[in-house]
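Here's the structure, in structure tokens; my notes come after.
Each chain gets a letter, A, B and so on, in the order the sequences are listed, and its residues count up from 1. Because only heavy atoms are used, hydrogens play no part in the values below, and waters and symmetry mates are left out as well, while side chains stay in.
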Amino acid sequence: MSPVSTLKTFEDIDCTFPKTLQEALELMADEKTRGVPLAGGTDLMVQWESGALPMPERVINVKSIPELREISEADNEVVIGGSVTHMELRQSSAVRRAVPSLAEAAATIGGFQIQIMGTLAGSVANASPAGDLAPSLLITDGTVTLAGVRGEREVKLTEFWKGYREIDRQPDELIVRFRLPRLPEGHYESWRKLGARKAQAISKVMGSSRGRMKDGVVSCFKVALGSIAPTAVRLYDVEQWIVGQPIHDETLKEAEQRVADAVKPIGDIRSTAEYRKWVSGRLVRLFLEELAARSG
Amino acid sequence: MKKRNFKVVNKPLRKIDAMTLALGKPSYVGDLKPRDALIIKMLTSPHAHARITSIDISEAEQMPGVHAVLYYGNVPRIVHTTAGQGYPEPSPYDTFMFDSKMRFVGDRVAAVAAETEKIAEAALKAIKVEYEVLPAVLHIEDAMKEGAPVIHDEPEARAVIPVPYDKDRNMAAKVDMDIGEFEKGMAEADATVDHRFYNHYGQHCPVEPHVSMAWVDREDRIIITTSTQVPFHCRRIVAQTLGIPVRRVRVIKPRIGGGFGAKQEIVLEDVVAMMALRTRKPVYWEYTRKEEFISARTRHPMLMRIRIGAKRDGTITALGLDCLSNTGWNGSQGLTVVCNCGSKVLPLYRCEHIHFNGTVVYTNLPAGGAYRGYGATQAAFALECAMDEVAEKIGMDPLEFRAMNHIKSGDTSPIFRALGEGREGVDQAITSCELARCIKAGAREIGWRKRKPHSDKKGRFRRGLGMACLMQGSAIPEIDMGAATLKMNEDGSFNLLLGATDLGTGSDTVLAQIAAETLGTDLEQIIVYSSDTDMTPFDVGAYASSTTYLSGQAVQNVAEKVRKQILKVGAEMLDRKPSEVTVQDSKVVEKNGEGQVSFSEIALYSMYNTNQFQIGDISSKIVHHSPPPFAAHFAEVEVDTLTGRVQLIKYVAAADCGTPIHPKLAEGQVEGAVMNGITYAMTEQYLFNDKGRMTNPGFGEYKLFTLRDLPEMKTILVPSYEKTGPYGAKSIAEIGINGPMPAIGNAIYNACGVRLRSGPFTAEKVWQGLNGNLPEVKSE
């Protein structure tokens, strides 16, 4: 075989556009028709082009499947389809009410073009440690639903990311929806992203928190950070420690130190390990300050 | 300043190519690519320093669709410089079309021309190369150490003008200047500063990367269409590199998508020409963005030592600058960039005792080249930050300190003669300087009066103000030459043929305005053609802030000559003496009387009726001055002490460019240059691994500011009139890029007390500063 034919371009990919979820699942069920699920392509196409991932034989484009494009509100949760775009997340009043930090995070991903193309399931499945939506998903203690022809399966988001770019998905499954418990009354969320510029900046560090203050002390606090470990992580030890504490300079300092001690970031092209460690603590401090300020 | 009554210049008329470009009509090299053009791709070195021990191109050559493979074994070996400069060049001859020695990651190994890009890529993979990897020089400080690997050990490498050059020690150039007694000046000072600054790598990032195509015409001449700032230097260097006469090469420059200095360099054209000759087919080569970062040209990174001494009354007693410049794998523009660190910056402040040294070293890293600012950017960072530091030590407001010391109209500086472009410079007195008014206007706009020391600031968000004063030049006196041809057509229109190179700057419009003003006609009557070495007269090209000032005078000269011819014919038609008539609104009119003839009638008469001749002329110009434009820049920043992040709030640039021939384009030049400088200061950086490979060669991780990141920006053009320039004009294109590093650096210090002496000004560095553990200034 001459080397020419081994060089693949986008034009060589066999891409199918199933019209229904059932059709997509059937394609995924058979190894002969199965392809890489594509739900926007803002991560995958860049990696194929650069050679970071091999150019696939087949692609199943799930972005336009109607069942995956819905956002609905139930009593205690918001249900978001996997192919909902970042732009739709940031503009959805249901998402803004139920998980405000998720809407804010979606608004900081890439630039407008990427927000229009990229999707929730795509970002989650790409499983980059710098995926901006992960912390806001983690703090809800919600679930992700995967479907195959055999049926559906629900996985806790806190258990879904198994390691660096690794998720709990079987080869024949598609991510179909996310069920996220809504922000309870009296609780507040925070979100911050630190990047080199305002758009098209992959995060140095980012994170979200959801918490409540009652009777002058923290009664509930969930916090997750990204870009500081192989996956976005919840800081359970810090969460447990802060519950029952009042928020003042000493507890803030202590929280900052505990966070810095808890995270084990690496240095890379975007920042240094030392800065990430320090600024992780600073972000959580900021979240606690915001919680105290909003709780009046 | 007296009010002048201009008709065409000093007016924001429609840019003559605006509609064409806005409509997306085929204009650029890429638009003009023939359908059957072969595509060129280059195999590059994976090693920073290596020797090819074996190379086998046979498999690639035999692949279907491959038309030629070039490598060091089948092309002429002619030493030259890639720098597009005057002849003989001040840059050393140290480059070959291809060589068996690899001098950086990205160096040329072999080029393929094939029918499709895909085949060309595949052919590159089929070339078998073995290397002997050599120890590499990856830091400026290591280049001249005893026992350092010698990068240019080939016998041919040499300097072609009498300047210091020592390739055995990796020294590509050196320049020294001492005026007065520097040490004595330092001793007389009440306060001194002595600090190291580092200017990091940066790339021009033109929207259009380097792109060239060529074919061989029926007369066996090579026609190159290329995105270049220097068509005539390109013709000369291509002919030299291929070993063919200049007459066999024609270079055409269509519209250009930005250059900023990157295209003052022969980066693709030699290979494109060689491929056309070898294949006898049209060939096309376009750099990818990755190649643009790695293998095109960069800003010369420099380690600088700045020393300033001042008395308590504000007198500057000593000024010293030592620059160690990294020219990378070749010495392109190394000497002249470092000369400009002295000549375009140090004359700004009056001082008797001045020391300057520039040492340029080779490393196994990407090559420096011309880049907007051209050394002044680097030196202004060190000088203008150090000026703030001295002012603080003597307890003066940095604005007052600068206002007291800066050069003024009528002043001269011994530096103008002492430092030229690789040779002695030219004496000159400053004939126009409105820097004092720039400082006043900028200070008012930024609210300088509310500025407080950083020690007064508390809380999470701390704002600070900083400033910098700047100068540049306008063309290279007694070296650079520009020329223009002007001829008249039957309808009273004119062809203006320019060697000067519009690379998106709008110079075609500016030069047409000058022609129209001089001829007494409208801008619409001027048909501009630039540039084509067969059709247009010589011009050095677009660099050194020369086009408006230098080529503008050539245009003014030729238009004056043509105006005389028109007056003569018009007078003949009106039966008057030439002294009895004048031009007005595209007509020759009697000074005292009713008689008039239109330009069209004159042209028809001169072509068809009596005493026929072509109304038209050619004129060229060299200049004996390089009047500096001046500017005062002001920045307001907000430092978030919670994260170290710096937010740029407002940026004010007040500039004196003489008469702005086209005020909107002049403002655009200032804003473009300032944005260019801001993003260099705030986010741009080259990252290398320990083998000398750039790890972020793309817009994903080489961060430029987006429009959303930009602060509020204000440009103030302060009126002035440069009597040696065309209609009072000086340059404006480069100066703006020099301000952001020092102005923002000074503002960060004023906000939070952290003095950053190397860029970019990242949150990480501010954090280190806030914690008192900023590392020592060093290179990448």
Side-chain angles (χ1 to χ4, degrees), chain A residues 1-12 42-43 46-47 49-52 107-108 110-114 130 192-207 252 256 267-290, chain B residues 59-60 62-66 114-127 288 290 460 640-645 647-648 679 682-685 687-689 694-710 760-768 770-771 773 775:
Chain A
M1 198 162 71
S2 91
V4 177
S5 62
T6 62
L7 281 178
K8 288 217 180 66
T9 66
F10 287 142
E11 287 131 50
D12 299 318
T42 56
D43 284 309
V46 176
Q47 294 172 58
E49 171 77 23
S50 72
T108 66
F112 292 138
Q113 294 91 334
I114 283 177
R192 279 294 183 293
K193 166 173 178 166
L194 301 177
R197 62 185 170 196
K198 284 186 187 158
Q200 300 285 29
I202 295 171
S203 301
K204 295 175 178 182
V205 177
M206 42 56 195
L252 286 170
E256 200 179 322
D268 65 10
I269 206 164
R270 281 168 219 120
S271 190
T272 62
E274 298 75 25
Y275 177 76
R276 284 187 163 124
K277 210 169 168 55
W278 172 77
V279 87
S280 294
R282 303 291 277 178
L283 278 192
V284 176
R285 177 196 184 100
L286 177 66
F287 294 164
L288 289 167
E289 283 175 351
E290 285 182 352
Chain B
E59 192 185 325
Q62 283 153 22
M63 283 172 59
V66 171
E115 284 161 19
T116 66
E117 188 174 333
K118 206 167 162 179
I119 297 172
E121 296 272 12
L124 294 186
K125 287 195 165 51
I127 297 170
T288 62
K290 181 179 171 186
R460 177 180 161 193
D640 181 353
T641 57
L642 189 98
T643 62
R645 192 167 155 272
Q647 164 106 350
L648 190 53
T679 179
M682 301 298 287
T683 53
E684 286 182 47
Q685 57 183 330
L687 301 169
F688 295 100
N689 70 9
M694 185 188 184
T695 55
N696 61 333
F699 285 150
E701 293 300 343
Y702 183 93
K703 304 289 187 195
L704 296 177
F705 258 32
T706 69
L707 284 178
R708 281 154 78 184
D709 293 294
L710 284 174
F761 303 143
T762 59
E764 285 82 352
K765 288 197 184 114
V766 174
W767 161 63
Q768 288 173 325
L770 288 169
N771 287 305
N773 51 20

Quick one: closest heavy-atom pair of Arg708(B) and Ala107(A), and the distance?
-> NH2-O, 4.5 Å

Nearest atoms (heavy-atom pairs only) where Ala763(B) meets Tyr275(A) = CB-OH, 3.2 Å

Between Val205(A), Val279(A), Ile269(A), Thr272(A), which shows the greatest number of heavy-atom pairs under 4.5 Å with chain B?
-> Ile269(A)

Per-residue tally against chain B (heavy atom, under 4.5 Å) across Arg285(A), Gln200(A), Lys204(A) peaks at Lys204(A)

Under 4.5 Å from any heavy atom of chain A, what part of [X] do you find: side chain, backbone, both or neither?
X: Glu117(B); result: neither
X: Leu687(B); result: side chain
X: Leu707(B); result: neither
X: Glu764(B); result: both

Where do Asp12(A) and Lys118(B) land on the salt bridge (charged side-chain N to carboxylate O under 4.0 Å, His left out) test, with the steps shown first?
-> CA-CA 12 Å; Asp12(A) 299 318; Lys118(B) 206 167 162 179; 3.5 Å; yes

Would you find more than 12 non-hydrogen atoms of other residues, nucleotides or ligands less than 6.0 Å from Lys198(A) atom NZ?
-> yes

At what distance, to the nearest 0.5 angstrom, does [atom1] of [X] lie from [atom2] of [Y]?
X: Thr762(B); Y: Arg270(A); atom1: OG1; atom2: CZ; result: 15.0 Å
X: Asp640(B); Y: Leu194(A); atom1: CG; atom2: CG; result: 8.5 Å
X: Arg197(A); Y: Met682(B); atom1: CZ; atom2: CE; result: 13.0 Å

Close side-chain approach of Thr643(B) to Arg192(A), heavy-atom, < 4.5 Å = no

